Peer 1: 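Below is the structure I would like to discuss, written out as structure tokens.
Only a predicted model underlies this, so the values are computations on that prediction, with no experimental measurement involved. Side chains included, hydrogens not; waters and symmetry mates left out as well; all remaining heavy atoms used. Proteins come first, then strands; the chains are lettered A, B, ... in the order of their sequence lines, and each starts at number 1.
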Amino acid sequence: MNTDSPDIDEKRRMIWQSLAAVPAGKVVTYGQLAQLAGLPGYARFVGATLKRLPKDTQLPWFRVINASGKISFPEASDAYKRQRQRLQEDGITVKDNRVSLKHYQWSP
DNA sequence: TCCTTGACGGAGA
DNA sequence: ATCTCCGCCAAGG
């Protein structure tokens, strides 16, 4: 059951919806996803929302990277390795923990 | 209720 | 290119 306030839950829904639209082979930044969801300034909240996703989610959480073009996890972590793996399966080149936003950033 | 933390980002140095 | 500082908004203690 959901005990969160309606407005917060609604914001999460907006983010999930926008995330679902990000196509394979493309990436978006946390801040960009917030804007696409109609929530400018909510970059941090996007991160907090992705953190709450179930491990077996179908949403493309791995297509979200930070504004510097890097994966927002320590390079030694499993989370980092999983995200890099999924991105590479998408055909995205990850060189030294860096994705070229110039080539892969999605613009709807 | 107050204080700290965080899958963020932009401005400055 | 890097690093620090600071504003941002929730979540957790």
Peer 1: Taking only the side-chain nitrogens and oxygens of Arg12(A), find out if one of them lies under 4.0 Å from OP1 or OP2 of dA11(C).
Peer 2: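 Indeed, a polar side-chain atom of Arg12(A) lies that close.
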Peer 1: Which of these nucleotides, dA10(C), dC8(B), dG12(C), is closest to any side-chain atom of Arg52(A)?
Peer 2: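 Nearest to the side-chain atoms of Arg52(A), counting from C-beta on, is dG12(C).
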Peer 1: Can you see if the side chain of Thr49(A) gets near the phosphate of dA7(B) - specifically, an N or O under 4.0 Å from OP1 or OP2?
Peer 2: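 For dA7(B), neither OP1 nor OP2 has a side-chain N or O of Thr49(A) closer than 4.0 Å.
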Peer 1: Counting only side-chain N and O atoms of Tyr42(A), is one of them less than 4.0 Å from OP1 or OP2 of dA10(C)?
Peer 2: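 Indeed, a polar side-chain atom of Tyr42(A) lies that close.
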Peer 1: In whole angstroms, how far is the P atom of dG6(B) from the CG atom of Asn66(A)?
Peer 2: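 So the CG-P distance, Asn66(A) to dG6(B), works out to 16 Å.
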Peer 1: Using a cut-off of less than 4.0 Å, is there contact between a side-chain N or O of Lys11(A) and OP1 or OP2 of dA10(C)?
Peer 2: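 The answer is yes; a side-chain N or O of Lys11(A) sits under 4.0 Å from OP1 or OP2.
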Peer 1: For the pair Asp90(A) and Arg86(A), evaluate salt bridge (Lys or Arg N to Asp or Glu O under 4.0 Å) and give the outcome as yes or no after the intermediate values.
Peer 2: CA-CA 6 Å; Asp90(A) 254 18; Arg86(A) 299 296 298 276; over 6 Å; no
Peer 1: Which nucleotide sits closest to the side chain of Arg44(A): dC8(C), dA7(B), dG10(B)?
Peer 2: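 Between dC8(C), dA7(B), dG10(B), the one nearest the side chain of Arg44(A) would be dC8(C).
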Peer 1: Below 4.5 Å, heavy atoms only, C-beta onward: do Tyr80(A) and Ser72(A) meet side chain to side chain?
Peer 2: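 When only atoms from C-beta onward are counted, Ser72(A) and Tyr80(A) do not touch, as no gap falls below 4.5 Å.
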Peer 1: What is the distance, to the nearest angstrom, from the CD atom on Gln35(A) to the P atom on dC9(C)?
Peer 2: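 Value for this atom pair: 14 Å.
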Peer 1: Can you tell me which nucleotide in dA7(B), dA11(C), dG9(B) comes closest to the side chain of Trp61(A)?
Peer 2: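 From the listed options, dA7(B) comes nearest.
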Peer 1: Atom OH of Tyr30(A) to atom C1' of dG10(B): distance rounded to whole Å?
Peer 2: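 The answer, rounded to whole Å, is 17 Å.
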Peer 1: Do Ile65(A) and Leu101(A) come close enough that some side-chain heavy atom pair is under 4.5 Å?
Peer 2: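 Of all side-chain heavy-atom pairs linking Leu101(A) with Ile65(A), at least one is under 4.5 Å.
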Peer 1: Please state how far atom CD1 in Ile65(A) lies from atom C1' in dG9(B), giving the value in whole angstrom units.
Peer 2: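 It is 14 Å, rounded to the nearest whole Å.
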Peer 1: In terms of side-chain heavy atoms of Arg98(A), which of dG9(B), dC8(C), dT2(C) is nearest?
Peer 2: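 Side chain of Arg98(A) sits closest to dT2(C).
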Peer 1: Starting at CD1 of Ile71(A) and ending at P of dG6(B), how long is that distance when rounded to a whole Å?
Peer 2: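 Atom-to-atom, Ile71(A) to dG6(B), this comes out as 19 Å.
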Peer 1: So if I take every side-chain heavy atom of Ala43(A) and compare against dA10(C), dC8(B), dG12(C), which nucleotide ends up nearest?
Peer 2: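 Out of dA10(C), dC8(B), dG12(C), the nucleotide with an atom closest to Ala43(A)'s side chain is dC8(B).
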Peer 1: When you look at NZ of Lys70(A), are more than 12 heavy atoms from neighbouring residues, nucleotides or ligands closer to it than 6.0 Å?
Peer 2: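 No - once you tally the heavy atoms of other residues, nucleotides and ligands closer than 6.0 Å, there are 12 at most.
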Peer 1: For dC8(B), does either OP1 or OP2 sit under 4.0 Å from a side-chain N or O belonging to Thr29(A)?
Peer 2: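 No, because none of the side-chain N or O atoms of Thr29(A) sits under 4.0 Å from OP1 or OP2 of dC8(B).
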